[in-house]
Trainee: 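Dropping the structure in here first, questions after.
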Amino acid sequence: MYSVKTQTFTLDPNNPDPAVIAQAAERLRADGLVAFPTETVYGLGANALSPVAVGRIFEVKKRPFYDPLIVHLARLSQIEQVARDVPPLAYELAQIYWPGPLTLVLKKSPQVAANVSAGLETVAVRMPNHRIPLALVETSGLPIAAPSANLFTRPSPTSARHVLEDLNGHVDVILDGGDCPIGLESTILDLTASPPTVLRHGGLALDLLRQQIPDLQIARRYVKEDEGLPISAPGMLVKHYSPKSPLLLFTGQTDAALPRLRDLASVLAKQGYRVSVMTTTEDARHFTDLNLEIADLGSATDLPQIGRRLFDQMRRLDALRVDVILVRAPAQEGLGLTIWDRLFRAAEGQVFDLDMPLDVEEIAQLLESRKSA
Ligand code: AMP
Ligand code: MG
């Protein structure tokens, strides 16, 4: 296992100290690992041209070798270094959405280390909308391969503290630039597919992309581990972004929905479970008189805030070692679709409908089986 003494530096996200950036860039050039904030989540970066450096990312994250990484650029002209036969649509989209939370899958250039792409003929690239990674790419002169800076299957890191929790002693440098402004990963769009296909929902809402791509396709998004992995769809495992505590996801819009969720919380608490509810501020009042751990995600009218807080609240509840996290799903529109996707995966693909009476016994059994799993 790649082991080092981790150094953390605090940086102004709008005006990072060039001396610190230079030091971090030096570590990258020496095949070291540098974690940095982006507008989406914290990335764990390595020189994308060095198979040795890239191998260290997989090692310290315990990431399966078949799950490819995203390459980060600082200027449009760098696309030619990492990709080949780049279609005009890529430049068109990049002009509009870069820097920003849109990752494009393109044909890979042979310069990029093969393990970046998990052996695929394609490479995923984006330009982050954050001064710290942009400065790192510029100063090092390197395209930087960077997945999220968490242990595989853990919730993505949205603060430097999260990175330290997962990777202390296994990353050379952590650049602490505060909390990530979006807090959800990038939208991934495969431009080698015809028509262009969304592989992962993310920080860029699909309605925007449809303006440029009317025939946009959405890939089948959820694959169970035992189904065998279609190689065109890595990173689509249902169990991903998970808290350690079982998370139960509920839909339901009728007036009966919240009282049913409240009853369930109350019954489980009486059975001795340490129950938490992850909820909007508006819904929280239905639960405040019960003795529960409430994780307030913010107002239902402010989806960006819910997105920003989601992974941090998952980690906070994990640290409290709650027995179960109950969540009512947001509407699947705009950024709500991305938030739904992350919750659905954390719930391992299981959803309960609050518009119907709940089988509390069945839910208690599910919790027991998840605990022993
Ligand atoms: P992460 O940055 O940890 O969210 O992971 C990067 C994700 O990007 C992977 O899990 C894949 O879903 C996706 N990805 C990266 N490269 C490719 C590629 N060449 N083809 C398809 N998907 C990719
Ligand atoms: Mg990840």
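Because only heavy atoms are used, hydrogens play no part in the values below, and waters and symmetry mates are left out as well, while side chains stay in. Both counts, for ligands and for their atoms, begin at 1 and track the order of listing.
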Trainee: Are any of the N or O atoms of R63 closer than 3.5 Å to those of ligand 1?
Mentor: yes

Trainee: When you look for heavy atoms under 4.0 Å from ligand 1, do you find them on the side chain of S148, its backbone, both, or neither?
Mentor: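 Within the 4.0 Å criterion, S148 contacts ligand 1 through backbone and side-chain atoms alike.
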
Trainee: Taking heavy atoms and a distance under 4.0 Å, where does T122 meet ligand 1: side chain, backbone, both or neither?
Mentor: both

Trainee: Could you tell me whether D190 approaches ligand 1 through its side chain, its backbone, both or neither, with non-hydrogen atoms closer than 4.0 Å?
Mentor: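 The answer is neither.
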
Trainee: Exactly one of L151, L69, L44 should register a side-chain contact (heavy atoms from CB on, under 4.5 Å) with R63. Which one does?
Mentor: L69

Trainee: Check whether any heavy atom of K108 sits under 4.0 Å from an atom of ligand 1.
Mentor: no

Trainee: If I compare all heavy atoms of R56 with all of G32, which pair ends up nearest, and what's the gap?
Mentor: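 Nearest pair, atom of R56 first, then G32: NH1-N, 4.5 Å.
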
Trainee: For ligand 1, which atoms have a heavy atom of P68 less than 4.0 angstrom away?
Mentor: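 It comes down to these atoms of ligand 1: 6 (C), 7 (C), 9 (C), 14 (N), 15 (C), 16 (N), 17 (C), 18 (C), 23 (C).
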
Trainee: I'd like the name of whichever of D67, V71, V116 reaches closest to atom 9 (C) of ligand 1 through any heavy atom.
Mentor: D67

Trainee: Given side-chain contact (heavy atoms from CB on, under 4.5 Å), test R154 with R315 step by step and report yes or no.
Mentor: CA-CA 9 Å; R154 294 280 296 139; R315 281 180 182 257; 3.9 Å; yes

Trainee: Among L106, N150, L199, L69, which residue places a heavy atom closest to atom 22 (N) of ligand 1?
Mentor: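 Among L106, N150, L199, L69, the closest heavy atom to atom 22 (N) of ligand 1 comes from L199.
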
Trainee: Pair Q365, E362 - check side-chain contact (heavy atoms from CB on, under 4.5 Å), show working.
Mentor: CA-CA 5 Å; Q365 272 172 17; E362 179 200 352; 5.5 Å; no

Trainee: Hey, what do you get for OG1 (T40) to OH (Y42), rounding to the nearest 0.5 Å?
Mentor: 11.5 Å

Trainee: Can you sort out which atoms of ligand 1 are near I188, meaning under 4.0 Å from one of its heavy atoms?
Mentor: 7 (C), 8 (O), 13 (C)

Trainee: If you look only at pairs with a residue in residues 103-116, which of them pass as a side chain to side chain donor-acceptor pair (under 3.5 Å), with sequence neighbours excluded?
Mentor: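 Those involving residues 103-116 are T103-S186.
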
Trainee: Below 2.8 Å, can you find an N, O or S atom of N150 next to the Mg ion (ligand 2)?
Mentor: no

Trainee: Distance under 4.0 Å to a non-hydrogen atom of I70: what atoms of ligand 1 satisfy this?
Mentor: 2 (O), 6 (C), 8 (O)

Trainee: Quick one: CG on D179 to CG on D176, what's the gap to the nearest 0.5 Å?
Mentor: 8.5 Å

Trainee: Nearest 0.5 Å, what's the NE2-CD1 distance between H130 and I182?
Mentor: 10.5 Å

Trainee: Going by heavy-atom distance to atom 15 (C) of ligand 1, choose the closest among A145, A124, P64.
Mentor: A124

Trainee: Can you name the residues that form a ring pair (Phe, Tyr, Trp, His ring centres under 6.0 Å) with F287, not counting sequence neighbours?
Mentor: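 For F287 there are no ring pair (Phe, Tyr, Trp, His ring centres under 6.0 Å) partners, ignoring immediate neighbours.
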
Trainee: Measure K107 to ligand 1 on non-hydrogen atoms and call it side chain, backbone, both or neither using the 4.0 Å cut-off.
Mentor: neither

Trainee: Mind checking whether R200 contacts ligand 1 via backbone (N, CA, C, O), side chain (CB onward), both or neither, at a 4.0 Å heavy-atom cut-off?
Mentor: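 Side chain only.
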
